[in-house]
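This report concerns only the one structure given below.
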Amino acid sequence: MAAVAMLAPPAAVTSAAGVLSLLEEQDNLLRVAALERLNEVVDQFWHEIADYLNDIETLYEDSSFPGRELAALVASKVFYHLEEYDDALRLALGAGRLFDLSHRSEYVEKIVAVAIDEYVKRRAENFELEIKKKDPVPIDSRLEDVVNRMFERCMEDKAYKQGLGMALECRRLDVMKNFIVQSDDVPGMLEYAQLSAMTLITLKAFRERVLKVLIEIHLSTKDVNYTALSLCHFILNDAGEVAKILKDLLGRSDKEGRLLAYQIGFDVVDNENQHFCNALLSSPQLKLKEPPAPAAAVEVVEGAPADGAEAAPVAGVAEVAEVDEGPAMSDEEKENLTTLRKILSGRASIDLHLEFLYRNNRADLLMLEIMKNSIDGKNSITHNGTVIAHGLMQCGTTSDVFLRKNLEWLAKASNWSKFSATASLGVIHKGHIKESKSILSTYLPQGGPRGSPYSEGGALYAMGLIHANHYDPDTKAYLVEQLHNAQATEVLQHGACLGIGLLCMATADERIYDELTQTLYTDTAVAGEAAAYAIGLVMVGSASEKAISELLAYAHDTQHEKIIRACALALAMMMFRKEEEAEPLISQLP
């Protein structure tokens, strides 16, 4: 019988009342022993322990009590079960190292999540204060210790991506760098960090700091990923560094370096930042070196380069071409650099796109014929809709067979429908910049008696569509001349302004801006609306204080709703990709 009694299981604990009574004892050893036992059973009897929370917190607040950290831990767990997570975190921090992150319990995971959220909030607030050049608010060192221990746990578990994501959220660039450098796959982590920076970080100022750290890591690795490195510099708008990379790759003896430079050039062009591409073409590293001229001759050049032409400055800015005193290039070096310059000018991409679209044009002309024959010829809306549908179907293919076969039907368009019908030629021939004038010669304003102003204005707009985001100084001069000649005709001014805006998109050309503001200030609804849109296109992403202040003031002064609406959209375009930098302007708007 005695043996059977010894083997019997211990009686199940059904209450913590006996242990809780020990908290009322005066002996600290007894109270500490009670807290140790309560810590073991708190998940089961938290509802009973909750009645003694005041007593347990009093023990924690007593600096002379030897088990105050244990008291904090027990109280924290009770508050956790009560779903009072702020109090649970406060007391968990008071528990110090007794709050053990190595225990993967629901309590630990939840409190760590709350701690990280609080830390992220504090770090974000301090980062904003730092941007505003104000003193940051000190963060509780105990909270920082919990987060740092979580980073250590991620490192021990080799959860590098999880740790990197947490470091980005906490704005801890030092920790982010450690996770990348100490990982088993540095190139993979760099790629992951760069993708996270571009897709998850919403604050531009912090994103730029992250990219600068990534650049440091890229340069410290043995096998540099020049494509990713160039993208970082592109996002930071550092054309000089990208030019150095391209020059270095071109100068290598192996074929791979040259091909990589070309690929980076195509990637930059695909991002469609004309201002950046022109800055690359103007950089000293990518200029063609010619033999010294016999005399000190200088030449004023302007605009983007033609195929294989001399380097051009940023569009719209005149520059004196200096003779490079360095050694002349070999034929091979000159050929490679000329090819790269053609890629950066966008001409290579244009030619490839045109060829691809022309060869793979599968537009259903029979369907267009059915649409044309099934609609009422007197209905201008359906007529115009069919013309626009044709333009979209044939965009960039240079195939305008349908329009040429149906010139009589096309001539039924009137007023603004005629404007849109002519402009649709620009959509069809988009990118065919070498032949833009010959394509539109029938519709462009002539020196003699004028034709329909709607057709001529649409042709000027079409020229802008053909050259959209591909600057050409001759075309710019032509469109500016037509704008000057059209002072008495609003429709022509409308088309010329839109054409100029598309041609000079994102160049921030001050002279073009001045030309367009003169048209805007005439305060005519049709011309002023187009001028405002064009200003937005030319200054897109520039955040020009001068342009913003002038447009904002004029939008308040004018009585034309069209101009007010166009000015508002132009202001939005000027702040393109400026993110939080646009907040002051947004707050000024009614």
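Side chains of Gln194 and His218 form a contact here, defined as non-hydrogen atoms less than 4.5 Å apart. The side-chain heavy atoms of Asp238 and Val242, taken from C-beta on, include no pair separated by under 4.5 Å. Looking at His390 and Ile428, their side chains come closer than 4.5 Å, going by heavy atoms from C-beta outward. Using a 4.5 Å cut-off on side-chain heavy atoms (C-beta onward), Val210 and Phe206 make contact. Using a 4.5 Å heavy-atom threshold, the side chains of Phe276 and Asn271 count as separate. Inter-residue side-chain proximity for Leu236 and Ile215 is flagged as met; some heavy-atom pair is nearer than 4.5 Å. Side-chain contact between Leu286 and Leu344 is present, with at least one heavy-atom pair separated by less than 4.5 Å.
Under 4.0 Å is where a charged nitrogen must lie from a carboxylate oxygen, and between Asp351 and Arg347 no such pair does. In this structure, Lys434 does not pair ionically with Asp472, as no charged nitrogen and carboxylate oxygen lie closer than 4.0 Å. Ion pairing between a basic and an acidic side chain is recognised when a charged N comes within 4.0 Å of a carboxylate O; Arg511 and Glu515 show no such pairing. Ion pair Asp474/Lys437 not flagged as a salt bridge, since none of the NZ, NE, NH1 or NH2 atoms sits closer than 4.0 Å to an Asp/Glu carboxylate oxygen.
Counting all heavy atoms, side chain and backbone alike, Ala532 lies closest to Ala570 at O-CB, 3.2 Å. In this structure, Cys497 and Thr519 approach most closely via the heavy-atom pair SG-CG2, 3.9 Å. Here the shortest heavy-atom pairing between Val387 and Ala421 reads CG1-CA, 3.6 Å. Residues Ile350 and Gly431 come closest through the heavy atom pair CG2-O, 2.8 Å. Across every non-hydrogen atom of Tyr513 and Ala547, the tightest pair is OH-CA, 3.3 Å. Here the shortest heavy-atom pairing between Gly240 and Gln285 reads O-NE2, 4.3 Å.
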>> For Arg341 and Leu280: C-alpha separation, side-chain torsions, deciding distance, then whether side-chain contact (heavy atoms from CB on, under 4.5 Å) applies.
In response: CA-CA 9 Å; Arg341 290 179 60 81; Leu280 282 176; over 6 Å; no
> What's the verdict on side-chain contact (heavy atoms from CB on, under 4.5 Å) for Leu246 and Leu250, showing C-alpha distance, side-chain angles and the deciding distance?
Replying inline: CA-CA 6 Å; Leu246 294 174; Leu250 279 182; 5.6 Å; no
>> Quick one, Asn278 with Thr507, criterion side chain to side chain donor-acceptor pair (under 3.5 Å). Give me CA distance, side-chain angles, the key distance, then yes/no.
In response: CA-CA 9 Å; Asn278 287 337; Thr507 58; over 6 Å; no
> Do Gln263 and Tyr226 pass the side chain to side chain donor-acceptor pair (under 3.5 Å) test, and can you show the C-alpha distance, the side-chain angles, and the key distance before you say yes or no?
Replying inline: CA-CA 10 Å; Gln263 182 58 57; Tyr226 288 102; over 6 Å; no
>> Apply side-chain contact (heavy atoms from CB on, under 4.5 Å) to residues Val538 and Ile535 and explain how you reach the verdict.
In response: CA-CA 5 Å; Val538 172; Ile535 289 172; 5.9 Å; no
> Can you list the steps and then say if Asn384 with Ile388 is a side-chain contact (heavy atoms from CB on, under 4.5 Å)?
Replying inline: CA-CA 6 Å; Asn384 193 38; Ile388 292 173; 3.8 Å; yes
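The backbone N or O of Leu520 lies less than 3.5 Å from a partner atom in the side chain of Tyr554, making a donor-acceptor pair. Not one N or O on the side chain of Lys204 forms a donor-acceptor pair closer than 3.5 Å with the backbone of Glu581. Between the side chain of Thr489 and the backbone N or O of Ala486, no donor-acceptor pair lies under 3.5 Å. Remark: side-chain polar atoms of Ser587 are paired, donor with acceptor, to backbone N or O of Pro584 under 3.5 angstrom. Distance alone, capped at 3.5 Å, places no donor-acceptor pair between the Glu191 side chain and the Ala228 backbone. At distances below 3.5 Å, at least one donor-acceptor pair connects side-chain atoms of Arg207 with backbone N or O atoms of Ile201. Formation of a donor-acceptor pair under 3.5 Å by the Thr475 side chain with backbone atoms of Tyr471 is not found in this model. Using a distance-only test at 3.5 Å, with no hydrogens or angles considered, a donor-acceptor pair links the side chain of Gln446 to the main chain of Ser441. A donor-acceptor distance shorter than 3.5 angstrom exists from the side chain of Ser330 to the backbone of Glu333, with no hydrogens or angles considered. With hydrogens and angles disregarded, a donor-acceptor distance shorter than 3.5 Å links the side chain of His383 to the backbone of Trp409.
Atom CG of Leu498 sits about 11.5 Å away from atom CD of Gln493, to the nearest 0.5 Å. Note that the CD1 atom of Ile466 and the CG atom of Leu425 stand 7.5 Å from one another [nearest 0.5 Å]. Between the CG atom of Leu354 and the CZ atom of Arg359 there is a distance of 12.0 Å, given to the nearest 0.5 Å. Distance CE/Met198 to CG/Leu231: 6.5 Å, rounded to 0.5 Å. The structure places NE2 of His470 at 12.5 Å from OG of Ser436, a figure rounded to the nearest 0.5 Å. If you take CD on Glu510 and OG on Ser542, they are separated by 8.0 Å, rounding to the nearest 0.5 Å.
Atom NZ of Lys578 has more than 12 heavy atoms from other residues, nucleotides or ligands within 6.0 Å. Residue-environment remark: CD1 (Ile381) stays at or below the threshold of 12 foreign heavy atoms within 6.0 Å. Applying the 6.0 Å contact sphere to OH of Tyr358 captures no more than 12 heavy atoms from other residues, nucleotides or ligands. In this structure, Arg577 places its CZ atom where only 12 or fewer heavy-atom neighbours from other residues, nucleotides or ligands lie under 6.0 Å away. Within a 6.0 Å sphere centred on NZ of Lys430, heavy atoms belonging to other residues, nucleotides or ligands number 12 at most. For His484, the NE2 atom sits in a packed shell: over 12 heavy atoms of surrounding residues, nucleotides or ligands are nearer than 6.0 Å. Heavy atoms from other residues, nucleotides or ligands lying under 6.0 Å from CZ of Phe356 number 12 at most. Counted within 6.0 Å of CG on Asp331, heavy atoms from surrounding residues, nucleotides or ligands total 12 or fewer; the atom is thus considered open.
For residues 379-401, the set of pairs meeting the salt bridge (Lys or Arg N to Asp or Glu O under 4.0 Å) definition, not counting sequence neighbours, comprises Asp400-Arg404.
Aromatic ring orientation, His494 versus Phe419: perpendicular (interplanar angle above 60°, classes split at 30° and 60°).
Each of Leu368, Asn361, Leu365 was scored for a side-chain contact (heavy atoms from CB on, under 4.5 Å) with Met393, with one residue passing: Leu368.
Checked by atom type, the side-chain pair Asp267/Thr227 shows no donor-acceptor distance below 3.5 Å. Between Thr338 and Glu335, the side chains place no donor N or O within less than 3.5 Å of an acceptor N or O (distance only, hydrogens not considered).
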